[in-house]
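Here is the structure we will look at.
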Amino acid sequence: MVMSSLLREEMQRVLFRPEKQRLVEFIEIEEPRDETHGRHFICVSVSKNKVVQLCIVRCQITQTPLKSGSKKSHTKRSSIQECYRRTEVWPLQDLTLVDGRDPDVDDPCFLLHFDKVRTVTAVSCSAKYSFVRALVVLSDQHCQKSLNLRNFDWAYIKPTAFYSNRGDCVVLTQICFYAFNLVCLSMCPVPMDV
């Protein structure tokens with residue numbers, strides 16, 4: 001969680017603030033065609049004039065040698081620098097469909113339908129649903145239209161009485177509660193008929 005907050009702050013400072021945008025949500029994604037072995041993210045941001053954009057951001061990590069203050073020092077030091085670059089950008093207004101592919105399978109892949117279809121593979125199914133929930137809210141707020149979704153488990157997308165848009169913590173709580181009940185039941189003595 002701390003790394004996520006630091007990453008959000010860094011991307012906001014380097015990429016979005018100079019463009020007068022606010023980073024709303026991002027998730028790490030897997031890009032199969034990348035030879036640079038950097039990290040990739042899909043981000044959604046809102047500009048000052050309320051335009052919502054989605055973008056793919058590549059984070060390239062480079063090491064640069066630092067000069068030592070002393071000529072006698074033989075230690076080598078380096079500085080790790082992260083370079084963020086937008087590689088693809090789309091307005092949310094142009095998104096016609098988000099396809100989760102199969103709601104019954106724990107699949108982190110989903111399809112974004114713009115003028116072309118963009119396949120996105122999140123690092124987890126949880127991250128996929130978190131990102132899509134943010135898109136649904138932003139589409140309702142800023143585009144004044146419902147986002148067209150297909151092949152998603154609606155219990156994780158739309159808030160219900162218990163879920164109420166608190167993210168994956170509620171799902172985790174439900175799972176823990178169920179596991180706790182199973183443990184309690186397994187510890188109960190079973191009467192043996194003699």
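Minimum interatomic distance between Pro103 and Asp153 (heavy atoms only, all atoms of both residues): CB-N, 3.8 Å. Contact between Leu147 and Ser139 at its shortest, heavy atoms only, is N-OG, 3.8 Å. Contact detail for Lys145 and Gln93: the closest heavy-atom pair is NZ-O, 3.3 Å. The nearest pair of heavy atoms linking Leu23 to Val44 is CD1-O, 3.7 Å. Taking both residues in full, the closest heavy atoms of Arg150 and Leu97 are given as NH2-CD2, 3.2 Å, listed atom of the first, atom of the second, then distance.
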Quiz item: Should Leu95 and Phe114 be marked as a side-chain contact (heavy atoms from CB on, under 4.5 Å) after you check the CA-CA gap, both sets of side-chain angles, and the distance that decides it?
Solution: CA-CA 5 Å; Leu95 183 60; Phe114 296 100; 3.7 Å; yes
Quiz item: Stepwise, does the salt bridge (charged side-chain N to carboxylate O under 4.0 Å, His left out) test hold for Lys128 with Glu30?
Solution: CA-CA 12 Å; Lys128 170 176 97 171; Glu30 297 172 357; over 6 Å; no
Exercise. Kindly indicate, with the supporting measurements, whether the criterion side-chain contact (heavy atoms from CB on, under 4.5 Å) is fulfilled by Val117 and Asp99.
Key: CA-CA 10 Å; Val117 177; Asp99 186 353; over 6 Å; no
Quiz item: What's the verdict on side-chain contact (heavy atoms from CB on, under 4.5 Å) for Leu112 and Val98, showing C-alpha distance, side-chain angles and the deciding distance?
Solution: CA-CA 5 Å; Leu112 300 173; Val98 182; 4.0 Å; yes
Quiz prompt | side-chain contact (heavy atoms from CB on, under 4.5 Å) between Leu7 and Phe26, worked out | solution = CA-CA 10 Å; Leu7 190 56; Phe26 75 97; 3.7 Å; yes
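For the pair Arg8 (side chain) and Val24 (backbone), a donor-acceptor distance under 3.5 Å is present. A donor-acceptor pair under 3.5 Å is absent between the side-chain atoms of Glu88 and the main chain of Ile56, judged by distance alone. Panel note: side chain Gln12, backbone Gln21; a donor-acceptor pair is recorded below 3.5 Å. At least one donor-acceptor pair under 3.5 Å links the side chain of Arg133 to the backbone N or O of Tyr156. Panel note: side chain Arg85, backbone Gln60; no donor-acceptor pair is recorded below 3.5 Å.
Rounded to the nearest 0.5 angstrom, Arg86 CZ and Phe16 CZ are separated by 4.5 Å. With rounding to the nearest 0.5 angstrom, the CE atom of Met11 is 5.0 Å from the CZ atom of Phe41. Distance check, rounded to the nearest 0.5 Å: CG of Asp107 to CG of Asn151 gives 10.0 Å. Rounding to the nearest 0.5 Å places CG of Leu15 at 7.0 Å from SG of Cys55. With values rounded to the nearest 0.5 angstrom, Gln53 atom CD is found 11.0 Å from Trp90 atom CH2. A distance of 12.0 Å separates OG1 of Thr121 from NE2 of His40, quoted to the nearest 0.5 Å.
Here the side chains of Ser130 and Glu25 are in contact, with some heavy-atom distance below 4.5 Å. A heavy-atom distance below 4.5 Å is not found between the side chains of Phe110 and Leu149. Looking at Asp140 and Ser146, their side chains come closer than 4.5 Å, going by heavy atoms from C-beta outward. The closest side-chain heavy-atom distance from Thr119 to Cys109 is below 4.5 Å.
Using cut-offs of 30° and 60° on the angle between ring planes, the pair Phe152 and Tyr129 is perpendicular.
The hydrophobic clustering, which links ILVMFWY residues whose side-chain heavy atoms are closer than 4.5 Å, places Met187 and Phe180 apart. Neither Phe131 nor Leu111 shares a network with the other; the hydrophobic side chains, linked directly or stepwise wherever heavy atoms of I, L, V, M, F, W or Y lie under 4.5 Å apart, form separate groups for each.
Atom NZ of Lys48 has 12 or fewer neighbouring heavy atoms from other residues, nucleotides or ligands inside a 6.0 Å radius.
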